[in-house]
Each structure stands twice: as structure tokens, then as C-alpha cells.
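Can you keep this structure in mind? I'll have questions shortly.
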Amino acid sequence: MLTDIIEALLFASGKGMSSSEMYEGLKHSYTKLEIEKAMRELKESYSGGRGIILIEFNDSYQFQTNPDYGGIISDMLMKTKERELSKTLLQVLAIIAYKSPITKQEIEELRGTNSDYVIQMLLKFNLIEAIGRKETLGHPILYATSEEFLKKFGLTSLSELPDYEELLYKIKNNFDKYFQKSDELYRNRVIDTEDTNQDNDRAEAAAADIDCEETQEDDDMPDFLLGEDVIEVD
Amino acid sequence: MLTDIIEALLFASGKGMSSSEMYEGLKHSYTKLEIEKAMRELKESYSGGRGIILIEFNDSYQFQTNPDYGGIISDMLMKTKERELSKTLLQVLAIIAYKSPITKQEIEELRGTNSDYVIQMLLKFNLIEAIGRKETLGHPILYATSEEFLKKFGLTSLSELPDYEELLYKIKNNFDKYFQKSDELYRNRVIDTEDTNQDNDRAEAAAADIDCEETQEDDDMPDFLLGEDVIEVD
Amino acid sequence: MSFGNEESFDVNCDVFDDPVPIEVLLEMCRKGKVDIRDIFVSDITDQYIKYVSELEVKDYDNISSFILLASTLLELKSNSLLPKPVEVDENELSDQERFFLKMEEYKLYMEQTDKLRNREILNRFYREPVFAEDEYRIIIKNFDIDKLITAFSSLLEKAEFEEKQEEPKKIAKERFTVAERIIELIEAIRAFKVVNFFSLFEKDYTKLEIINTFLALLEILKQQVAAAEQNGFCGDITIRYTPLTDNFDTKAEEDLLVDANGYH
């Protein structure tokens with residue numbers, strides 16, 4: 001049965017699997033329509049109060065434990081419980097989620113303070129990722145939220161973010177005005193993905209790049225941020 | 001619901017979990033009887049043709065993918081690497097192509113080195129297959145190239161191999177002298193196909209047979225490395 | 001089991017969790033019920049400057065960003081008290097307008113942060129993928145009949161050469177490389193389950209062969225295909241197959257296939 005096969009695939013995959021991947025692998029035996037129908041059935045049966053649920057994000061599917069039992073599971077299987085994200089991390093995450101793709105410098109301009117540490121932490125937690133470089137002087141890295149972000153906040157896509165349309169409209173029509181340097185609106189940006197290594201660990205690549213970027217930018221930075229080193233995470 | 005909690009626990013745990021571990025973690029809220037009942041229910045629902053099944057071993061429970069879908073799962077999820085056939089594999093393949101049907105021991109005598117691994121690889125790649133057993137002491141398996149071999153090399157039959165007649169002539173004249181032990185010409189061999197299981201996965205059967213054969217031959221061999229000392233092909 | 005994240009969130013993030021200057025300012029507006037655009041007709045600027053002057057100096061970089069905002073506030077406030085210049089470029093925003101927009105935008109993000117907090121899911125668990133990152137299937141490509149023939153011819157030539165040799169000569173060359181020895185050894189260990197080290201040599205063994213075999217044995221132990229124990233000082237070494245940890249296949253395949261590189 002197709003639902004059984006997909007159930008086995010998703011279970012074995014561990015990671016999220018998109019319906020197009022699924023289709024690609026099964027197209028010799030099943031039609032796209034059949035696959036979609038089976039996915040819906042599977043999602044239906046893995047829902048509600050069950051211990052395993054099937055979550056959907058960015059048109060990908062993945063099995064996950066029901067968060068309702070998260071407490072009891074970590075009590076029994078883990079040494080520690082997961083803690084909430086700190087306020088600062090969540091704040092910057094919100095900025096990136098609504099304004100992405102965005103560079104570190106733009107985040108810093110908005111926050112009025114150095115944001116290396118926060119960006120590194122978010123990269124480390126896999127909640128954001130480097131998705132390319134801005135086509136501007138110095139080619140700074142552009143960040144956006146990751147699939148892990150969607151999963152952590154139970155979103156199937158960014159458009160499910162609270163007040164998404166409304167905020168996007170405001171950002172485009174009001175707030176982008178004060179950003180003299182932002183020559184283009186965020187959503188319509190030309191992204192140069194060529195020299196971002198997508199295959200390697202993005203977080204690490206980006207983290208390493210932060211250093212380089214910083215050296216380049218040193219000249220443009222206010223004095224008090226000059227030569228600012230990356231803050232050590234202990 | 002207790003079955004939901006256990007479902008979540010087993011899923012998150014990954015490894016097996018015993019009912020006593022389960023009991024230890026849940027005893028504040030549930031009785032042993034209730035837990036055992038829930039386990040039975042869960043086992044019942046994860047059975048049959050489903051993609052995920054709940055297996056029990058040594059009083060431990062574990063989710064695993066249904067082995068029935070093992071093939072499709074590894075095809076779709078396992079990464080692949082492309083390689084060219086190595087010189088070693090090509091040589092053994094050529095020996096088999098030109099001299100088939102041929103036994104492992106004959107290949108080893110020709111090459112002067114243990115060829116178990118190479119033969120297993122060629123079987124695994126489906127380029128050769130066991131076509132029967134030689135009517136001689138120990139009934140060793142006879143190998144020949146497969147349909148897959150012809151397809152991959154773009155041949156319609158073995159006689160399309162370049163200079164087949166000439167090469168064969170050379171082989172007869174050189175190798176049969178060299179091959180003092182070979183009592184018959186290859187092409188005129190009596191093949192006993194009866195006890196080769198053609199229905200099962202040939203590669204696996206043959207691979208398994210290699211082990212048996214080796215054990216059989218052990219008595220005749222002063223050392224398992226016999227045949228090592230002829231020539232090195234390089 | 002895998003956590004939602006490879007990194008658990010159990011890291012002390014609170015160290016850098018002090019509010020940034022703009023957040024302090026927005027909080028003052030909220031508490032004083034002052035609209036952002038009325039900020040310069042209120043006493044928020046004074047409040048903020050007082051706050052900054054009383055800040056405990058923990059971190060100079062942090063302090064400087066507070067001071068920067070304070071000076072911006074003072075400058076904008078003093079400008080707002082002066083009569084406005086008559087001519088302003090239509091397309092250029094005034095510094096004050098730019099400041100308001102930024103404050104308003106930040107305020108919006110702060111509100112969204114609270115909404116995101118409500119959606120945050122803790123303690124999600126996923127399964128590890130069945131196939132590890134370093135596992136792979138090998139697909140053979142580029143089947144070339146010429147290579148097949150060349151490989152075979154080289155074998156033929158070698159055999160003819162052997163044929164011509166009247167007396168078999170002692171071959172000084174090592175009879176096997178470490179890589180070959182590893183594969184042979186693994187085959188032997190898998191077949192016999194227990195193998196003695198001394199039995200791995202024939203009567204005419206050379207020093208190099210012992211070294212190669214020993215190196216091969218070390219590699220096998222490292223790969224956890226087998227376990228070894230020595231029977232007393234200078235005694236034979238018993239090599240025991242450990243099937244549970246044997247994951248040599250893919251690596252050995254790779255080794256065997258790698259020798260394609262020398263062949264063109």
C-alpha cells in the first residue's frame with residue numbers, strides 16, 4: 001500500500017521529505033495524485049492526540065513526537081529539558097523572519113548594536129541560515145530563517161507568521177524608507193547564491209564568513225565597533 | 001492516553017525500550033498492568049503491512065521500518081556515489097566474460113590471489129551471476145556474466161566481445177597449459193544447474209555459498225591464503 | 001533519538017540578554033504611555049539620559065551603543081525645537097522621520113516576538129535517519145569495453161610472460177599491499193570467526209609481509225571488525241570476529257574501487 005510505503009520512507013528518512021522527492025522516487029509506480037492523496041491520509045491518521053504526529057513545513061513532511069508529551073519524554077530520556085529561547089534571540093529571530101533576506105549590518109542598524117553573537121547563536125541552533133550574498137559592495141551574507149525555524153514554531157511556511165501580510169506591507173511601504181542604503185525592497189532582492197557553499201554546513205561557512213566580512217567592513221564601522229572580535233560562546 | 005505516551009517514547013528513544021524501563025518512568029501515573037496492556041495494543045496496531053512496525057525482542061520494544069519496503073527505502077534515501085570499475089574488477093570481469101563458465105578457484109589460480117571479495121562485488125553489482133555448479137569434487141559454483149553485463153557494456157551477446165575468437169584461441173593455448181589442473185576446456189563443460197537456487201537472489205545465494213565453499217575447501221588447503229603465491233597482477 | 005536541534009538550547013544565552021538601547025526607549029514610551037511621535041514633547045529623552053548615566057559599566061561596547069542613542073535623541077530633540085528649514089527635499093526623509101519609522105518598526109518586531117513566544121514548541125523529538133551520512137550505495141558508471149579488453153590483455157601478457165619463464169623465479173616484490181591484506185584478512189575473519197595471527201603466514205614469509213599483515217590487523221582492529229588478544233608475552237595473537245561492530249563493507253568497496261585511479 002502506498003500509505004505504508006510513505007510511512008516507512010518518512011520514518012526511515014528521519015529528516016523532512018518533500019512531496020516532490022517522494023514523487024521523484026515513486027513515479028514509476030504511482031501518480032502524483034495518488035501520492036498526494038496518500039500523504040493527506042497519512043497526515044490525517046498521524047494527528048490529534050497521538051504520540052507521533054506528521055508535521056508539514058515548506059511542502060515537506062516529517063514525523064515528530066507530539067509536543068504534548070515533550071515534558072514526559074525529556075524527563076525519561078534526556079538529562080535536561082529544552083529551555084525557551086532567550087528574549088534577545090527571539091527578538092532577532094523575529095526581525096529576520098519578517099525582513100529576510102537580511103544582512104547582519106542591516107540587523108545591526110535596526111538594533112543599534114553589534115549582533116555577531118546573536119547571529120552566531122541562531123546559526124548554531126540552526127534557526128537561521130545563510131541563503132546567499134547581497135549584490136552590493138562587499139557582498140555581505142544574506143540570512144533567512146530555516147526549516148528548523150518553521151518546525152520550532154509549528155509553521156508550515158513563513159506566510160503563517162502572525163500578521164505576516166500586514167507586516168510585509170508596512171515594511172515595504174513605510175519602514176524601508178528610512179533605510180537609505182537599502183536600494184531594493186527585501187523580497188525583491190537580487191540574491192547571489194553562487195559563492196555561498198550550499199552543500200557544506202551552512203552555519204559554519206557563514207560563521208567563518210562573518211569574520212572575513214567584519215575585516216572588510218571595519219572601515220565603515222563606527223569607531224567603537226572597530227576590530228570587534230567575535231564573542232566567545234562558552 | 002497511555003498508548004500515545006508510549007508511542008511517543010518509543011519513537012523518540014530510537015533504541016529498544018524494555019517494559020521495565022517504561023514502568024520505571026511511568027509508575028507514578030500508571031500501573032504495570034496498564035502499561036503492559038498499552039504495549040500489547042500498540043504492538044497490535046503496528047503490525048501487518050504497515051510501514052512502521054513495532055518489534056519485540058528480549059522484552060524490549062522498538063519501532064522499525066517494515067523490511068518489506070527495505071529495497072525502495074534504500075533506493076530513495078541512501079546516498080549514491082558514482083564510480084568506475086577498478087582495474088581489479090575489470091580484470092576479473094574480463095576473465096569471467098571470456099572464460100565463462102568458470103569457478104572461483106579457477107579465477108584465483110589465474111590471478112594468483114584470493115578473489116572472494118572481487119567476486120562478491122561483481123555479484124553485488126549484478127554484472128556476473130552463478131549459473132550452476134561444476135561437476136567435480138566439491139561442486140563449486142560456476143560463474144558467468146549476466147544480462148546486466150551485456151546491457152551495461154552495450155553488447156547484444158558475448159560473441160560481440162572484440163577479437164573473441166583470437167583471444168579465445170590465445171586463452172586455450174596459453175592458459176590451458178598454464179592451468180595444469182583444469183581437466184576440461186571451458187566451453188565444453190558439463191554444467192550441473194540443478195542445485196543452484198535460481199529463484200532466490202542469486203547474488204546473495206552465491207555470496208553465502210562462497211563461505212560454505214571456503215569451509216569445505218579448508219581441509220585441502222594448507223592455509224587459507226593458498227594460491228597467494230603465483231603472480232601478482234598489477 | 002535526536003532533539004529538535006542538533007544543539008540543545010540548554011546554553012546560557014542570558015549573558016547577552018540585556019535589552020538593547022532601542023528596547024529600553026520603547027519600554028519607557030510604553031510605561032509612560034507616550035506615542036513614539038510625541039517623544040520629543042515628553043520627558044522620555046530626560047528619562048533615557050538619566051537611565052544611561054546610571055548604567056553600570058559592564059561592557060564598553062554596550063555602553064557606547066546606549067550613549068550613541070542618547071546623543072541621537074538629544075540632537076533630534078534640539079532640532080525639533082528649532083524652526084524647521086523651509087526647503088526639504090521631497091524624496092529625502094528628515095532625520096526625525098527616519099528615527100520615528102525605525103522606532104515604529106522595532107516596536108512591531110517586539111510585539112511579534114511575544115506572539116512568536118506563544119508558538120514556540122519545546123522538547124520536540126525526531127528520529128535519527130536510518131541511513132547515516134557516510135553510508136552510500138556505489139553506482140558503477142562509464143562501462144567501457146576497451147578498458148575491459150585492456151585489463152584482460154595485461155593479464156594475458158603477464159601469463160604469457162610467466163609461461164616463458166623456464167624456472168619460476170623468486171618474486172622479490174611484496175606479494176600483497178596493506179590494502180589487499182586488509183580485505184583478505186577481513187574475508188578470513190568473517191569466514192573462520194577466529195584466526196591466529198601466526199597462521200596468516202606461509203613458510204617463505206618475508207619481513208615486509210609480517211609488517212604489512214600487522215598493519216592490516218591494526219586497521220581492522222581500528223575498524224572494529226575484529227578484536228584481538230595476545231596469548232602471553234610473544235605468544236600468538238588470536239583475532240576474533242566482532243560481527244556487531246563490523247561495518248567495513250562500504251569502506252572496503254571504496255578501497256577496492258580507488259585503485260581504478262591508476263588505470264586509464
(message) Do the side chains of A:Glu44 and A:Arg40 get close enough for a salt bridge, i.e. N-O under 4.0 angstrom?
(response) no
(request) Name the region of B:Met76, side chain, backbone, both or neither, that has any atom closer than 4.5 Å to a heavy atom of chain A. (result)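 Side chain of B:Met76 only, per the 4.5 Å heavy-atom cut-off to chain A.
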(message) Please classify the contact between B:Leu9 and chain A as side chain, backbone, both or neither, with a heavy-atom cut-off of under 4.5 Å.
(response) both
(request) Name the member of B:Ile5, B:Asp68, B:Asn66 that forms the most heavy-atom pairs with chain A at distances under 4.5 Å. (result)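 Option with the top pair count is B:Ile5.
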(request) Against chain B, label A:Glu24 side chain, backbone, both or neither, depending on which of its atoms sit under 4.5 Å from a heavy atom there. (result)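 Interface part for A:Glu24: neither.
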(message) Rounded at 0.5 Å granularity, tell me how far CG in A:Leu127 sits from CZ in A:Phe149.
(response)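 Here the rounded value is 8.0 Å.
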(message) Heavy-atom pairs under 4.5 Å with chain A: which of B:Gln64, B:Glu7, B:Met17, B:Met1 has the most?
(response) B:Glu7
(request) Would you indicate whether the side-chain heavy atoms of A:Leu89 and A:Val118 approach each other to under 4.5 Å? (result) yes
(request) Apply side chain to side chain contact (heavy atoms under 4.5 Å, CB included) to the pair A:Phe63 and B:Ile52, showing each step before the final yes or no. (result) CA-CA 11 Å; A:Phe63 282 126; B:Ile52 306 173; 4.0 Å; yes
(message) Looking at chain B, which one of A:Asp75, A:Thr3, A:Leu26 has the largest number of heavy-atom pairs inside 4.5 Å, strictly under?
(response)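 That would be A:Leu26.
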(message) When you compare the side chains of A:Ser18 and A:Ser20, does any donor N or O come within less than 3.5 Å of an acceptor on the partner?
(response)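 Present: a donor and an acceptor within the cut-off.
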